[in-house]
Amino acid sequence: MLFFENDYSEGAHELVLEHLARTTREKLPPYGADKYSESAREKIRSACDCPDAEIFFLAGGTQCNQVVIDALLAPYEGAIAAKTGHIALHEAGAIEFTGHKVLELAQENGKLCAATIRTYLQDFYNDTSHEHMVKPGLVYLSHPTEYGTLYSAQELAEISTVCKDYDLKLYLDGARLGYALACQDSDMTLPILAKYCDAFYIGGTKVGALCGEAVVFPQKAPKHFLTRIKQHGALFAKGRVVGVQFDALFTDGLYEKLGRHAMEKAEKLKAALREKKYRFFLDSPTNQIFIVMDNERLKEIGKQVRYSFWEKFDKNNTVIRFATSWATGEDDLQALIALL
């Protein structure tokens, strides 16, 4: 069976595992106070060109989103997100579970635009009953989006301007950030994210780590953020487990290399799909590739390859997703291309 269902089917990159094995017998302070976690923080600060950033290591993406959003919002505030955003669709109401409503807005290929957010906020404050409503307190973006699309630096700057005009926080979900940064046509960088976002996280789970994400507050973390993490049951006693992994990922450009690997495989697959005249559902520049496939053909494909169901296109066709990863092998890629 070929696995192109997602980008987290494998374990971890060998250099990450080697670093974990090499340090496993060392006796280190708990809760992320160890030297490897601090080394990782310094490397991330350098990569973000943000020497004063506060950085915390958590286990996974949904956990990051829930803890960070809850910490950034007042009890009466909600989070603006695209209707297709991860917190709106695929996190089982984790944000609402903390008492914060997700305020869904229209999207285009997974993206929010500054004009849509501004119009929503203008309408909200023009409503004389707005004091009786959930107050928007934060804008949630993901980069890449659920559709593998990307924000440009200019688009992020425009959204940041709207947030500042209305005193909203800007938070970016970077579960697949390594792949976004590796896209040739993207002008987004870690320093740009640090410039415009109040918080973002660098995904490790989907980019070469066993588990773990690095939450970055470019200016200052919410007060007592470590305590907030613990209240959510999200504080690792053995914080070194994630810190060591990020120490490896941010050594000698490994994180960037893993992102480029996935993108090289994705570009090969896209070229083959074009040559075979497959219909693309949308133009996704990242490692997520969406195509429209005949249902009967899909039944045959499904016997030999794992893919993600995305949505029904019509009664005879379905949108599916193939995803390459940091670990996608050339043999598997060529086998998929031959099968298709």
Side-chain angles (χ1 to χ4, degrees), residues 61-62 64-175 180 187-188 192-201 215-223 225 228 282 311:
T62 297
C64 287
N65 291 337
Q66 187 190 62
V67 176
V68 174
I69 290 173
D70 189 33
L72 288 174
L73 293 180
Y76 48 83
E77 291 179 323
I80 293 172
K83 288 181 180 293
T84 53
H86 207 262
I87 64 171
L89 286 180
H90 294 129
E91 293 190 347
I95 307 307
E96 286 88 350
F97 190 73
T98 64
H100 301 289
K101 187 174 183 178
V102 176
L103 305 167
E104 299 180 9
L105 299 189
Q107 50 80 34
E108 184 174 350
N109 291 335
K111 293 165 60 175
L112 286 176
C113 73
T116 300
I117 299 169
R118 187 177 291 279
T119 297
Y120 170 79
L121 293 167
Q122 288 172 342
D123 291 345
F124 177 87
Y125 285 107
N126 285 335
D127 188 329
T128 57
S129 298
H130 72 263
E131 292 289 355
H132 300 272
M133 300 157 67
V134 174
K135 183 180 184 296
L138 174 147
V139 171
Y140 163 92
L141 307 177
S142 60
H143 184 74
T145 69
E146 294 302 288
Y147 287 96
T149 50
L150 300 174
Y151 289 93
S152 68
Q154 180 62 36
E155 288 171 327
L156 187 65
E158 291 170 355
I159 292 172
S160 174
T161 297
V162 175
C163 288
K164 286 181 170 60
D165 288 346
Y166 285 89
D167 194 26
L168 271 64
K169 301 294 186 183
L170 179 56
Y171 168 60
L172 186 137
D173 178 329
D187 64 352
M188 193 69 75
I192 288 172
L193 291 178
K195 178 180 179 180
Y196 292 115
C197 295
D198 293 287
F200 64 94
Y201 78 83
V215 176
V216 180
F217 294 97
Q219 303 303 321
K220 191 172 180 60
K223 190 175 181 181
F225 187 68
R228 300 297 294 271
L282 52 77
E311 61 185 71

Nearest heavy atoms of L73 and G137, plus distance in Å: CD2-C, 3.5 Å
Distance-minimising heavy-atom pair for A81 and V102: CB-CG1, 4.0 Å
Heavy-atom side-chain proximity of I80 to L168 below 4.5 angstrom: yes
Distance-minimising heavy-atom pair for A82 and A88: O-CB, 3.7 Å
Test side-chain contact (heavy atoms from CB on, under 4.5 Å) applied to L105 and I117, step by step: CA-CA 8 Å; L105 299 189; I117 299 169; 4.2 Å; yes
Atom pair OG1 (T161) and CG (L156), whose distance is rounded to the nearest 0.5 Å: 9.5 Å
Approximate separation, where rounding is to 0.5 Å, of Q122 CD and D165 CG: 10.0 Å
Q219, CD atom: more than 12 neighbouring heavy atoms under 6.0 Å: no
Atom CD of E131: over 12 foreign heavy atoms under 6.0 Å: no
Donor-acceptor contact below 3.5 Å, side chain T119 vs main chain T116: no
Non-hydrogen atoms of P222 and F217 that approach each other most closely: CD-CE2, 3.3 Å
Donor-acceptor contact below 3.5 Å, side chain R228 vs main chain D70: yes
Test item: E77 and V134 side chains (from C-beta on) under 4.5 Å apart, heavy atoms: no
Side chain D198, main chain L170, donor-acceptor under 3.5 Å: yes
Atom pair CZ/OG of F200 and S142 - distance to nearest 0.5 Å: 14.5 Å
Within 6.0 Å of CG in D123, more than 12 heavy atoms from elsewhere: yes
Residue pair Y171 / N65, side-chain donor-acceptor N/O under 3.5 Å: yes
Minimum side-chain heavy-atom gap T149-P144 below 4.5 Å: no
Point-to-point distance, once rounded to the nearest 0.5 Å, from CG of D127 to CE of M133: 4.5 Å
Qualifying side chain to side chain donor-acceptor pair (under 3.5 Å) pairs with a residue from residues 101-111, counting only residues at least two apart or across chains: K111-E155
Student check: side-chain heavy atoms of I87 and I69 closer than 4.5 Å: yes
Closest heavy-atom pair and its distance - L172, C197: CB-SG, 4.0 Å
Criterion side-chain hydrogen bond (donor to acceptor under 3.5 Å, both in side chains) on D173 and H86, from CA distance to verdict: CA-CA 9 Å; D173 178 329; H86 207 262; 5.0 Å; no
Geometric class of the H130/F124 ring pair [parallel <30°, tilted 30-60°, perpendicular >60°]: tilted
Check: L112 and Y151 side chains under 4.5 Å, non-hydrogen atoms: yes
Partner set under side-chain hydrogen bond (donor to acceptor under 3.5 Å, both in side chains) for Q154, not counting sequence neighbours: E158
Note, Y120 side chain near L103 side chain (heavy atom, < 4.5 Å): yes
Validation row: E91, Q66 side chains within 4.5 angstrom (heavy atoms): no
Y125 atom OH: more than 12 heavy-atom contacts under 6.0 Å: yes
Min side-chain heavy-atom separation V68-F225 under 4.5 Å: yes
V215 versus C64, closest heavy-atom pair with distance: CG2-SG, 3.6 Å
Separation between SG of C163 and NZ of K169, rounded to the nearest 0.5 Å: 10.5 Å
